[in-house]
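Following: one structure in structure tokens, then a few remarks.
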Amino acid sequence: MADWAQSSTTDKPIRVLVVDDSVVIRRLVTLALREDPTFEVVGIAANGKIALHKIPQIQPDVVTLDIEMPEMDGLETLKRIKKDYPRIRVVMFSTLTQRGAHYTFEALTLGADEYVTKAANVGPLDTSLASLRAELGPKIRQFFQRPPRTEARPGTAPPPPRPVTPSPTFRQAAGRIDIVAIAVSTGGPNALAEVFPVLPAGLRCPVVITQHMPPMFTRLLAERLDAKSPLRVFEAADGMEIEPASAYFAPGDHHLTVRRVPGKVVAKLNQDPPENSCRPAADVMFRSVAETYGGACLAVVLTGMGRDGLAGARILKQAGARVLAQDEASSVVWGMPGHVVQAGLADEIAPIGKIAGSIARFVGR
């Protein structure tokens, strides 16, 4: 097992090995990362076989890995890395195609930590560099950062969470849960794959999910979970009725909201501007749930980068809703749930293996 991989924020650059059979892609990734002093590109490799030979020599913290390569492809290379060097973070490169989405999900189930989408054809250099800077750097950096913590003086307890005053515009839940709303990002597919198969088949309320993913990926994720879950799982469509014992994913590039119409609640999709640099965004979904269900909601915030879901969780909490957050130890990135916990909004903090049981218990109340 490698013992050189960084586990938290340090002053040392993050060491990156770039693995891709395309000379152009290797150069683009290298240029994009070298512009940021946070990173040090310590090696390049044209296929997985070369990469595995270099890893013990150059000791990277992160490997960026193409999926389709000669001699040893990305999936086989990923298996070997996770077996021999489990602390190394692996970011897969995937094309925005059905084939690319399929292989990306295979990679995520094999232990890949994150993925970056790339165009099938490399465009102008400046455009490609800008795209890589915007997406790849933050996705690597997230593994070595933690949400800010409130400092307490030695020998004193941390300050209590800031009290919130329930808004008179929201209906109070009185403990009843009529909908479960889940926010998740980095590490989400594997986290949800642990939760959904063990949810009770007769869950008496619906589940809505915002997972930060592009188009095609959300549909594939919904299909995979539908095959493994006792619930019916859909990628939401505009106007689709929201029913008990069913789960609905926000489609990639669309915000998911819910609206009450005569006799039922339906999904409404929109392409309003991104929030927290995300579309779909959990804050949009949470606000909509608060407007439609008041406090009769359980908000669940799972592993993910950033703070999407924090503002929406605060609104739901003010309405009387319950909030469940994944713990730090089982999160790939404790950003989204970490911010909710640090804000004092979580009624319960649980490892991913106990999230389904906690959901069942809250809904059963």
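One is the number of the first residue; the rest follow in order along the sequence. Only heavy atoms go into these numbers, but all of them, side chains included; no hydrogens, no water, no symmetry mates. Because the structure is predicted, anything quoted here is derived from the model rather than measured.
Residues Ile315 and Ala290 come closest through the heavy atom pair CG2-CB, 3.9 Å. Shortest non-hydrogen contact noted between Ala181 and Met285 is CB-CE, 4.1 Å. Leu269 approaches Ala236 most closely through the heavy-atom pair CD1-O, 3.7 Å.
For the residue pair Thr218 / Gln211, no side-chain donor-acceptor distance below 3.5 Å is found, with atom types taken as modelled.
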Kindly determine whether Leu298 and Leu324 satisfy side-chain contact (heavy atoms from CB on, under 4.5 Å), including the steps that lead there. CA-CA 7 Å; Leu298 172 64; Leu324 170 64; 4.1 Å; yes
In sequence, state the C-alpha distance, the side-chain angles, and the governing distance for Leu221 and Phe105, and then conclude on side-chain contact (heavy atoms from CB on, under 4.5 Å). CA-CA 8 Å; Leu221 177 57; Phe105 273 100; 3.6 Å; yes
Yes or no on side-chain contact (heavy atoms from CB on, under 4.5 Å) for Glu135 and Thr117, after CA distance, side-chain angles and deciding distance? CA-CA 9 Å; Glu135 188 172 8; Thr117 55; 3.7 Å; yes
Worked check of side-chain contact (heavy atoms from CB on, under 4.5 Å) between Asp308 and His212: CA-CA 10 Å; Asp308 187 31; His212 297 155; 2.7 Å; yes
Check the pair Glu114, Thr186 against side-chain hydrogen bond (donor to acceptor under 3.5 Å, both in side chains), reporting the backbone distance first and the verdict last. CA-CA 6 Å; Glu114 184 58 284; Thr186 307; 3.0 Å; yes
Give the intermediate values and the outcome of salt bridge (charged side-chain N to carboxylate O under 4.0 Å, His left out) for residues Asp36 and Arg141. CA-CA 11 Å; Asp36 188 332; Arg141 197 179 293 110; 2.5 Å; yes
Show the numbers, then the answer: is there a salt bridge (charged side-chain N to carboxylate O under 4.0 Å, His left out) between Asp226 and Arg232? CA-CA 6 Å; Asp226 184 59; Arg232 298 175 302 163; over 6 Å; no
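Note on residues 40-54: pairs passing salt bridge (charged side-chain N to carboxylate O under 4.0 Å, His left out), not counting sequence neighbours, are Arg15-Glu40. Legend: salt bridge (charged side-chain N to carboxylate O under 4.0 Å, His left out) pairs involving residues 17-27, not counting sequence neighbours, sorted by first then second residue: Asp20-Lys118. Residue pairs meeting the salt bridge (charged side-chain N to carboxylate O under 4.0 Å, His left out) criterion with at least one partner in residues 191-203, sequence neighbours excluded, are absent. Within the structure, the salt bridge (charged side-chain N to carboxylate O under 4.0 Å, His left out) test picks out the following pairs touching residues 245-256 (sequence neighbours left out): Asp253-Arg279.
Here the CG atom belonging to Leu108 is positioned 9.0 Å from the CZ atom belonging to Arg224, to the nearest 0.5 angstrom. In this structure, CZ in Phe249 is found 11.0 Å from CG in Leu220, a value given to the nearest 0.5 Å.
Side chain of His254 to backbone of Gln271: no donor-acceptor contact under 3.5 angstrom is found. Although no hydrogens or angles enter the test, the distance criterion places no donor-acceptor pair under 3.5 Å between the side chain of Asp66 and the main chain of Met92. Asn276 places no side-chain N or O within donor-acceptor distance of the main-chain N or O of Cys278, the cut-off being under 3.5 Å. Side-chain atoms of Asp327 come within 3.5 Å of backbone N or O of Ser330 as a donor-acceptor pair. No donor-acceptor pair under 3.5 Å is formed between the side chain of Thr210 and the backbone N or O of Ala183. Side-chain atoms of Glu328 never come within 3.5 Å of backbone atoms of Trp334 as a donor-acceptor pair (strictly under, hydrogens ignored). Thr257 contributes no side-chain N or O that, together with a main-chain N or O of Ser288, makes up a donor-acceptor pair within less than 3.5 Å. Using modelled atom types, one side-chain atom of Asp347 and one backbone atom of Val323 make a donor-acceptor pair closer than 3.5 Å. Ser246 contributes a side-chain N or O that, together with a main-chain N or O of Pro244, makes up a donor-acceptor pair within less than 3.5 Å. A distance-only check finds a donor-acceptor pair linking the side chain of Arg204 to the backbone of Ile177 [under 3.5 Å].
For Arg259, the CZ atom is loosely surrounded, since the number of other residues' heavy atoms within 6.0 Å does not exceed 12. Heavy atoms of other residues, nucleotides or ligands lying less than 6.0 angstrom from CZ of Arg80 number 12 at most.
In this structure, Val266 belongs to a hydrophobic cluster whose other members, linked by side-chain heavy atoms under 4.5 Å apart, are Val261. Grouped with Ile50 in a hydrophobic cluster is no other residue, since no side-chain heavy-atom contact under 4.5 Å to another Ile, Leu, Val, Met, Phe, Trp or Tyr is found.
Between Phe286 and Leu310, the closest side-chain pair of non-hydrogen atoms is not below 4.5 Å. Under the 4.5 Å side-chain criterion, counting only non-hydrogen atoms from C-beta, Arg322 is not in contact with Lys317. Taking the side chain as every heavy atom from C-beta outward, Cys205 and Val180 approach each other to under 4.5 Å. At a threshold of 4.5 Å between non-hydrogen side-chain atoms, the residues Val29 and Phe93 count as touching. Looking at heavy atoms from C-beta onward, Ile55 lies in side-chain contact with Ile81 at the 4.5 angstrom threshold. Glu241 places none of its side-chain heavy atoms less than 4.5 Å from the side chain of Tyr248. Under the 4.5 Å side-chain criterion, counting only non-hydrogen atoms from C-beta, Glu291 is not in contact with Arg260. By the 4.5 Å heavy-atom criterion applied to side chains, Thr64 and Leu136 are counted as neighbours.
Cluster annotation: Leu31 and Leu33 are assigned to the same hydrophobic cluster (Ile/Leu/Val/Met/Phe/Trp/Tyr, side-chain heavy-atom contacts under 4.5 Å, transitive). Hydrophobic clustering, with ILVMFWY side chains joined whenever heavy atoms are under 4.5 angstrom apart, groups Val42 together with Ile88. Note on Tyr103 and Leu110: same hydrophobic cluster, where clusters join Ile, Leu, Val, Met, Phe, Trp and Tyr whose side-chain heavy atoms are under 4.5 Å apart, directly or indirectly. Transitive grouping of hydrophobic side chains (ILVMFWY, heavy atoms separated by less than 4.5 Å) keeps Val265 and Val284 in distinct clusters.
A salt bridge links Arg99 and Glu68; the closest N-O separation between the charged side-chain nitrogens and carboxylate oxygens is under 4.0 Å.
With sequence neighbours left out, Ala247 forms a side chain to side chain contact (heavy atoms under 4.5 Å, CB included) with Phe196, Val207, Ile209, Val233. For Asp113, the salt bridge (charged side-chain N to carboxylate O under 4.0 Å, His left out) partners two or more places apart in sequence, or in a different chain, are Lys82, Arg89. By the side chain to side chain contact (heavy atoms under 4.5 Å, CB included) test, Arg219 pairs with Gln98, Glu223, Glu235, sequence neighbours left out. With sequence neighbours left out, Arg34 forms a side chain to side chain contact (heavy atoms under 4.5 Å, CB included) with Thr30, Val41. Residues forming a side chain to side chain donor-acceptor pair (under 3.5 Å) with Thr104 (at least two apart in sequence, or on another chain): Ser94.
Taking the ring axis of Tyr115 as reference, the NZ or CZ atom of Lys139 stays within 45° of it and closer than 6.0 Å to the ring centre.
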Ignoring hydrogens and angles, write down the donor-acceptor pairs under 3.5 Å from the side chains of residues 351-358, residues two or more places apart or on other chains.
unit_1 : atom_1 : unit_2 : atom_2 : d
Ser358 : OG     : Glu348 : OE2    : 2.6
Ser358 : OG     : Lys354 : O      : 3.1
Ser358 : OG     : Arg361 : NH2    : 3.2

